[in-house]
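Since the structure is predicted, the reported quantities are computational estimates derived from the model, not experimental observations.
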Amino acid sequence: GSVKIASGTADPLRVSVMGSGSIDFGGMAVDPDLSALGSASVRLRAYRGHLSSSGNVSIKVNGQSVKAGDDSDDGSDD
């Protein structure tokens with residue numbers, strides 16, 4: 001399935017996908033923790049703190065592919 005959230009703050013953001021799915025979060029994700037049993041596509045507008053993931057998760061922040069373990073004060077180029 002797919003979930004789209006246009007704006008807001010998720011503090012913290014926790015995402016678990018079983019099977020396949022996509023998450024599009026247009027707000028600020030704090031310490032995002034992403035996991036998938038299957039495959040997941042996660043798009044974030046921005047994040048701060050520590051980005052972690054497990055399983056087969058494709059992550060894009062502000063349109064750029066990123067890898068888990070990246071730390072950011074903002075997660076975007078602003």
Item to complete: Output yes when a side-chain donor or acceptor of Arg45 lies under 3.5 Å from a complementary backbone atom of Gly26, and no otherwise.
Response: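 Looks like yes, one N/O pair under 3.5 Å.
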So, for [X] and [Y], which heavy atoms are closest and what is the spacing to 0.1 Å?
X	Y	result
Val61	Ala46	CG1-CA, 4.1 Å
Phe25	Gly8	CZ-O, 3.8 Å
Gly49	Asp31	CA-OD1, 3.2 Å
Val17	Ser39	CG1-O, 3.9 Å

Rounded distance [0.5 Å steps], [atom1] in [X] versus [atom2] in [Y]:
X	Y	atom1	atom2	result
Asp33	His50	CG	NE2	8.5 Å
Arg43	Ile23	CZ	CD1	9.5 Å
Ser41	Ile59	OG	CD1	9.5 Å

Practice prompt. Start with the C-alpha gap between Leu34 and Leu51, add the side-chain angles, then the distance that decides, and say whether side-chain contact (heavy atoms from CB on, under 4.5 Å) holds.
Written response: CA-CA 8 Å; Leu34 317 171; Leu51 173 64; 3.9 Å; yes
Worksheet item: Which pairs with one or both residues in residues 3-16 pass side-chain hydrogen bond (donor to acceptor under 3.5 Å, both in side chains), sequence neighbours excluded?
Response: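 Qualifying pairs, neighbours excluded: Ser16-Ser35.
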Discussion item. Please tell me whether Val15 and Met18 are part of a single hydrophobic cluster in this structure, the criterion being side-chain heavy atoms less than 4.5 Å apart.
Written reply: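 The answer is no; the residues belong to distinct hydrophobic clusters.
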